[in-house]
Amino acid sequence: MTMQTKDVYISQRDNRIVLNCTYNKDIGERIPEGNIRWQKKIGNTFQDIAIFSPPNLQQPFIIKEMDQIYNNRTELIVPNTSMAAVMIINNPVCKDGGIYRCLIKYFSDKSEKNQTSGSVVKFIAEAKEPEEIVVFPEKLDENQSLSLTCSADVGSPQGYIQILKFFENSDRLDLIYKSNSTINKTENCTEYINVTATYTVTREDNGAVFRCSSRNGLTQGPGPTRESNKISVLYGPDETTISLTPNKSMYTVGDRLTIQCITDSNPPSTINLYFRPNGSSVERPMGLTDNKLEFDSLQVTDSGTYTCTAVNEVGSNSPNATTRVTVSVKRYYGCSQCRYIDTCQQNYDEIECILNKWVPTAVVFMTLSVAFAVSSIVLYINRKRSQETIAVKTMHNTRPHPSDAPEDNGGGYASPSDLNRTQEAVSSPMENICEAYSQSKDFIKLQEHSLLITHHNEPDGYTTTQDVVQYAAVQKKPTKDQVSDENVYDSAWNSDNVFFKLRPDTQGPHRSPEQQ
C-alpha cells in the first residue's frame, strides 16, 4: 500500500481548504468498506471527521460528532476513476487550521494493517501596520526610564513585533525589543499582538525616535511600521572646554585668535567668559558671539587667564563646570633674538633658537688654525734669523787675508800712488757713506767696500780696483831665494799712506802730506 497527501496553505484570498488523499493497492491487498478516514488532531489525539470507502461502495459521510462543525460547509468526494478520498472545507475559519491525516485500514495475507499520511493546514496572512506606538514620557531626565507600547495585527504564521530606535538623518537602527510569537488569532486567522516594554535613556538618546514593526514568518523586508515622536532627554552641562584657534603656546602682537567655550547640555546652557589680566586679581566679563570671542589683532594687554562657565535649568552634572586657560602675548623680535651660535627656526609665527653644535666646533678649529699659522710664522722667522747669523759667522771665519790672495802673473805692478789716485776717485761716493762708520773696525770695512766698487770712465793715470788686487798678489809672491810664506814688505805700502782717516771737521778722505 502506498499513500500520498500534501500540506495546504490558505491565504486571505482563498475560500476553501482541499485535503486530497490518494492511494494504491498491491496485489493481494483489500480495503473493506468504510475503512478510509480523514482525521484531525485535537489535543493530543486524532479524531475522525469523515468516513470514505473505495469506489462503487458506500458513499462518504461526516460522523455525527463533527456534523455541527463541518456538515454545512464540507464536501466529500470519491472519484470513480481513481483511488482517492477528497475532503473540501468551504469558508475556512481559523479553527480549520491544524494537523490532519488520512488513515486506511486494509488486509494483506489475511492480516489487518494500518497506513497513514499527514497534511498540515496553515493560514497565511500578511502583517498589518501597527495600530499605535505610545512613548511615555516624551521628555525626561537622563538615566530615567520610559515605557513603549505597541499593538499590531502581525498576520500569520509566526507573527511578532519589533521595537527599534533610530535618529533622523541616520540609517542606523538599534533593536530595543522583540516579542514572542502568540496564538491570539483574529477571525481572519491572523495573530494580534499588544506589547509594552521599558527603556532607560541616556543623553545620547536625546532626539531619538522609536519604531514599531509588525512582522511574521513570511515577511520580506522591514514590514509595516509606525513611528513615535522624538523624545527629549534633559541633562545639565559637564565641565566646559575652551577651544583656541589657532592653538599655540605663545602668541605675538598682531596675531588673530578665536576663543570658543564648548559644553554639552539640554536645553542649551548659558555660557559666560571672564578675563583676568596678568598681575591682576579682578575678572571682568567678555562679550561673546555664538559662544566665541574673536581677536583681530592681539596685544600684550590681552595676556592673562580666560575662564568659561556654563549653566542651564537642569543644573550641572559636573561639580565644577568651569574651565580656565592662559593666553600669553609677546612682541615679535624675529630671529634677532637668537645668538650668533644659534640656528633660527621659524614655524609660522613661532621663533625657536637652537644651538648650532657646529659653530663652537668651527670656532675651536679656527682658533687652532690661527695658532698654528702664528707658530709657523714665528718658527720661520727664528729659523731665518738663525741662518743669517750662521752665514755672518761663516763669512768672518772664512774671509781671506791679503797675504792669502791667489797668485796672478797676468797683472803688472802698481805703486802706492796709483792706489791713492783710486781712493781719490771714489772719495765722492764715500762722503755720504763715511757718516755711518764711527769705529776703526767699521772704517776698515768701509775701505774694503770702496775697493770693490766699480768706477766707470776713470781719468787716465788712476789705478783700478783690479790693479790693487794684482798688486796685493805681487806683495805675497816670494822670490826664488825665499822659502817662507811671509809677505814681501814694501815700505811704500805703509798704512799711513794707503788707508784714510776721517777728519772730524770735514767729509771725505784725508791724505798724507806726501799725497797732497
Side-chain angles (χ1 to χ4, degrees), residues 139-144 167 169 201-208 230-339 342-355:
K139 180 183 291 187
L140 69 166
D141 293 341
E142 67 175 332
N143 300 321
Q144 288 186 344
F167 293 88
N169 304 320
V201 299
T202 66
R203 65 175 55 192
E204 285 75 20
D205 294 322
N206 183 45
K230 289 193 298 185
I231 65 171
S232 178
V233 180
L234 307 178
Y235 54 93
D238 285 335
E239 185 174 353
T240 57
T241 301
I242 297 180
S243 171
L244 301 179
T245 307
N247 189 1
K248 299 190 296 185
S249 59
M250 180 69 69
Y251 297 88
T252 57
V253 172
D255 283 351
R256 296 177 62 90
L257 174 63
T258 299
I259 301 177
Q260 182 178 10
C261 294
I262 302 173
T263 189
D264 181 25
S265 64
N266 184 42
S269 298
T270 300
I271 296 178
N272 296 306
L273 182 66
Y274 300 91
F275 171 60
R276 178 172 58 82
N278 287 339
S280 174
S281 59
V282 179
E283 288 186 337
R284 66 173 185 267
M286 306 294 290
L288 297 177
T289 302
D290 295 331
N291 298 333
K292 297 180 181 179
L293 175 63
E294 296 182 347
F295 294 92
D296 293 331
S297 179
L298 282 172
Q299 302 300 319
V300 176
T301 54
D302 296 324
S303 299
T305 302
Y306 293 83
T307 303
C308 183
T309 63
V311 65
N312 68 357
E313 62 187 42
V314 179
S316 174
N317 290 327
S318 173
N320 183 15
T322 301
T323 302
R324 293 179 176 83
V325 67
T326 300
V327 174
S328 299
V329 183
K330 68 175 183 178
R331 299 191 182 278
Y332 178 74
Y333 295 100
C335 290
S336 61
Q337 58 186 311
C338 298
R339 301 172 298 178
D342 293 335
T343 298
C344 179
Q345 292 186 354
Q346 183 171 0
N347 183 15
Y348 297 99
D349 295 334
E350 294 185 358
I351 300 298
E352 185 175 4
C353 300
I354 301 176
L355 176 64

Any pair counted as disulfide bond (SG atoms under 2.5 Å apart), so long as it reaches residues 234-310, sequence neighbours left out:
Cys261-Cys308

Would you find a donor on one side and an acceptor on the other, under 3.5 Å apart, between the side chain of [X] and the backbone of [Y]?
X      : Y      : result
Asn206 : Ser232 : no
Ser280 : Pro277 : no
Tyr251 : Ser303 : no
Asp290 : Lys292 : no
Ser269 : Ile271 : no
Asn312 : Pro267 : yes

Side chain to side chain donor-acceptor pair (under 3.5 Å) with [X]: which residues, sequence neighbours excluded?
X      : answer
Glu283 : Thr307
Glu204 : Thr202
Thr263 : none
Gln299 : Ser297

Heavy-atom closest contact ([X] atom, [Y] atom, distance):
X      : Y      : value
Asp255 : Thr252 : OD2-N, 2.9 Å
Val233 : Asp205 : CG2-C, 3.9 Å
Gly236 : Ser265 : C-CB, 3.8 Å
Ser249 : Ser328 : O-CB, 4.4 Å

Going by heavy atoms in the side chains, are [X] and [Y] under 4.5 Å from each other?
X      : Y      : result
Arg324 : Thr322 : yes
Thr305 : Val325 : no
Thr258 : Leu244 : no

Listed once per pair and sorted, the ring-ring contact (aromatic ring centres under 6.0 Å, His included) pairs that draw on residues 281-301, sequence neighbours left out:
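For residues 281-301, and leaving out neighbouring residues, there are no ring-ring contact (aromatic ring centres under 6.0 Å, His included) pairs at all.
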
Pairs where residues 258-291 contributes a residue and the test ring-ring contact (aromatic ring centres under 6.0 Å, His included) is met, not counting sequence neighbours
Phe275-Tyr306

If you round to the nearest 0.5 Å, how far is [atom2] of [Y] from [atom1] of [X]?
X      : Y      : atom1 : atom2 : answer
Thr241 : Asp264 : OG1   : CG    : 10.0 Å
Ile259 : Asn291 : CD1   : CG    : 13.0 Å
Ile242 : Asn247 : CD1   : CG    : 11.5 Å

Going by salt bridge (charged side-chain N to carboxylate O under 4.0 Å, His left out), name the residues that satisfy it together with Arg256, two or more places apart in sequence or in a different chain.
Asp296

Taking salt bridge (charged side-chain N to carboxylate O under 4.0 Å, His left out) as the test, write out the residues that go with Asp302, two or more places apart.
none

Does Asp238 form a salt bridge (charged side-chain N to carboxylate O under 4.0 Å, His left out) with Arg203? I'd like the steps, not just the answer.
CA-CA 12 Å; Asp238 285 335; Arg203 65 175 55 192; 2.9 Å; yes

State whether a side-chain donor-acceptor pair under 3.5 Å links Tyr235 with Asn143.
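Side-chain D/A pair, Tyr235 to Asn143: absent.
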
Residue pair Thr240 / Thr323, side-chain donor-acceptor N/O under 3.5 Å:
yes

Partners meeting side-chain contact (heavy atoms from CB on, under 4.5 Å) with Asp141 (sequence neighbours left out):
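For Asp141 the side-chain contact (heavy atoms from CB on, under 4.5 Å) partners, ignoring immediate neighbours, are Gln144, Leu234.
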
